[in-house]
Each structure stands twice: as structure tokens, then as C-alpha cells.
Q: 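Quick one: this structure, given as C-alpha cells, is what I'll be asking you about.
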Amino acid sequence: MTALGVDVGGTSLRVCSERGLVSTAAVPGGYDDLLETVTRMAPRGLLNAVVVGLPGATSPAAPRWVPSLPWLDGRPLAADLGARLGGAPVTLANDAQLALLAEVREGVAQGARDAVLVSVGTGVGGAIMSGGRIIRGAHGTAGAFGWLPAAGIEATADHGALELAAAGTALDRLAGPNLAGRDLIASACSGDSAARAAVDGWAGALGNGIAALASILDPDLVIIAGGLCEAFDAYAEPLRAAVRRAGSPDARAVAVVPAGLGAHAGALGALFAADCEVGVWS
């Protein structure tokens, strides 16, 4: 018998059945395809527990609101996936909270009592640990940092202002037609001044949001997770400069670091939760 951790992101799907062993695929375009893909990626044999991380609001049984994957909303994902996996018990949870769990267990937040994780990928999400406990909130969505305000940006029904200003999709828009954010970052790193200015402006918007979080929550550290954490060095300087400029006296000195477990943190956190290695997981 074994446990399984699943991380369903806006664009990438990761499945983890053992520490250090994470399989990755593109997120399918529909519900039945998602069930089939996770089933195919899961290990053979009896599973005693499965935890699935989702980028949005979810109950343990069914997603309530996942703006990047709206076809999930209201579907009985836990029951349907459990049936596909031989009757295994499946629990749904917020992906960023699971990522923070992983960083506390085996990543850069080991030993910390107060930490903030900001997940930057297709959207902007996050999680909070206070006094050694990960805070879920009344509806399980504590850490929805994409809804912070951002200068000159108006929130929509499905996307907060900081998310519109500082998610990976914002970098994609800045890159222009037929290009992606990673192309813009590569150009900035190669010395393109226009690309450098665009990336710095994007990082400044993200840094302003982090300055607000650090000022309010007073964490030991802020962790950048999600798909863009692996490019952290390309925008770390302007991001940290914005935190120093916009934060409270204590926030100006907060450590802002990339996730130690990289983009796999969500899948590993789901595995830890499924394997009952919960520690700080309340």
C-alpha cells in the first residue's frame, strides 16, 4: 500500500508517489481526460491515501472555484478519481498550502515558525504559516494573495489585481505575440534593455505585493514557489528592491527566497499529507 500526491496546476500536472520521484504532464483540457491522465500516471497497486492539490477554492470532496480550470468547478473529483484508483480515499486541498507544507518539512522553511509562500505561475496564490501552523482559513482559501491590490490594475470577477499584474500570464502579455514569459526573461538575461525593463517592472509589482504581505504578517521568510520560482535569479534583484522600498521596517529585511523544492513542492506536499506525515498540517 502506498500514498499518492497530485498537484493540478494551471498548465502542469505533477504526480508523486515517492520522495524525489515526480512525474509531470500537461494539464488535460477536460474533466474525463484529467481523470484518465492521473490514473495513468499513478503507480500500480493498492493506494491507501491520495491528496490532490488544486489552484483555487475546494472542499475535501469537490472543487468550488478554480478559475484557471473552470470545468472542475462542482465536479465530484474526489469520488470519481477514487473510483478510478481502485477505491482509494481521495482528499482535495489548496495547492499552495500543500507546497508550504513541503517547504516546512524538507525545503527552505525548515525550522521556521512564521512563513509566507507566494506561488507565481499561471496565477498568483499563496499560503501562510503562523506560530508553526499552516492557516487554512474559514473556507480553506487563506493565502489568496492574487487578490491584493496593484497600482493601476482593476480586478475582474475571476482574477485579482496582483494576479493580473504579476502572474506568469502577465509576463506572457509583456513578451508580445507568439512569445512566452520565459522568452522575455531569456532576452532580459542576455542583455536586451527593453526586455530587462519589462521584467523589472513586473518584478516590482510582485515585490510591492510581497512588501504588503511581509508588513502585515511579519514572517521569518517569504518563499517564491510555482512555475516561475525556477527563474528566480533573473528577477530577484528588482523584486527585493521593491520589498525594501515599500515594506515596513521589519519587512524591508525579510528574506525572500525561491522554493527549495522548486516547482515540485506542491506534489511533494500532497504526498506528505496523504502519507499522514502532517506535522504542521492542521
Side-chain angles (χ1 to χ4, degrees), residues 1-102 105-106 119 121-123 125 127 134 136 139-141 158 225-227 261-279 281-282:
M1 298 178 69
T2 188
L4 187 70
V6 180
D7 180 25
V8 182
T11 56
S12 295
L13 169 67
R14 294 179 172 88
V15 174
C16 182
S17 57
E18 298 178 31
R19 285 175 175 80
L21 181 61
V22 179
S23 301
T24 304
V27 172
Y31 186 69
D32 290 337
D33 287 342
L34 176 65
L35 295 174
E36 181 179 344
T37 301
V38 174
T39 303
R40 186 174 65 250
M41 295 172 70
R44 296 183 181 276
L46 186 62
L47 294 169
N48 62 335
V50 179
V51 171
V52 179
L54 297 170
T58 184
S59 74
R64 297 198 311 272
W65 182 71
V66 184
S68 60
L69 306 171
W71 40 266
L72 277 174
D73 293 353
R75 303 300 291 268
L77 178 59
D80 288 347
L81 184 57
R84 293 284 191 107
L85 296 175
V90 176
T91 301
L92 312 181
N94 177 268
D95 60 344
Q97 293 171 7
L98 292 170
L100 182 53
L101 169 63
R105 285 301 308 266
E106 293 191 355
S119 181
T122 304
I134 293 175
R136 292 185 175 182
H139 304 97
T141 58
D158 289 330
L261 301 172
H264 294 340
L268 287 166
L271 176 67
F272 295 153
D275 207 22
C276 298
E277 299 183 14
V278 293
W281 189 248
S282 58

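The basis for the numbers below is simple: all heavy atoms, side chains too, and nothing from hydrogens, waters or symmetry mates.
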Q: Does a side-chain heavy-atom distance below 4.5 Å link Asp158 with Trp65?
A: yes

Q: Testing the basics here: between Pro43 and Ser17, what is the closest heavy-atom pair and its distance to 0.1 Å?
A: CG-CB, 3.8 Å

Q: Thr141 versus Arg64: any side-chain heavy-atom pair under 4.5 Å?
A: yes

Q: Pro55 and Pro67: which non-hydrogen atoms are nearest, and at how many Å?
A: O-CD, 4.2 Å

Q: Should Asp95 and Val8 count as side-chain neighbours, where that means a heavy-atom distance under 4.5 Å?
A: no

Q: So, do Val66 and Thr58 sit near enough that their side-chain heavy atoms are less than 4.5 Å apart?
A: no

Q: From Tyr31 OH over to Leu81 CG, what is the distance, rounded to the nearest 0.5 angstrom?
A: 8.0 Å

Q: Do the non-hydrogen side-chain atoms of Leu47 and Thr2 ever get within less than 4.5 Å of each other?
A: yes

Q: Quick one: pull up CG in Leu101 and CD in Glu106 and give me the separation to the nearest 0.5 Å.
A: 10.0 Å

Q: Indicate yes or no: at least one non-hydrogen side-chain atom of Ser59 is less than 4.5 angstrom from one of Leu92.
A: no

Q: State, with a plain yes or no, whether a side-chain heavy atom of Val50 is found less than 4.5 Å away from one of Val38.
A: no

Q: Specify the closest pair of heavy atoms between Pro60 and Ala78, including all atoms of both residues, with the distance to one decimal.
A: O-CB, 3.8 Å

Q: Does Arg14 form a side-chain contact (heavy atoms from CB on, under 4.5 Å) with Met41? I'd like the steps, not just the answer.
A: CA-CA 9 Å; Arg14 294 179 172 88; Met41 295 172 70; over 6 Å; no

Q: Decide yes or no on side-chain contact (heavy atoms from CB on, under 4.5 Å) for Leu77 and Leu54, but give the supporting numbers first.
A: CA-CA 11 Å; Leu77 178 59; Leu54 297 170; 4.2 Å; yes

Q: Check the pair Thr11, Val27 against side-chain contact (heavy atoms from CB on, under 4.5 Å), reporting the backbone distance first and the verdict last.
A: CA-CA 5 Å; Thr11 56; Val27 172; 5.5 Å; no

Q: Got a second to check how far Leu271's CG is from His264's NE2, nearest 0.5 Å?
A: 13.0 Å

Q: Over all heavy atoms of both residues, which pair between Ser68 and Gly10 is shortest? Give the atoms and the distance, please.
A: OG-CA, 3.8 Å

Q: Please give me the minimum heavy-atom distance between Asn94 and Gly56, naming the atom from each residue.
A: ND2-O, 3.4 Å

Q: Working to the nearest 0.5 Å, report the span between OG1 of Thr39 and CD of Glu36.
A: 8.0 Å

Q: What are the two closest heavy atoms between Asp7 and Ala263, and how far apart are they?
A: OD2-O, 4.4 Å

Q: To the nearest 0.5 Å, what is the distance between CG on Leu69 and CZ on Arg75?
A: 12.5 Å

Q: Any heavy-atom pair between the side chains of Val52 and Leu4 that's under 4.5 Å?
A: no

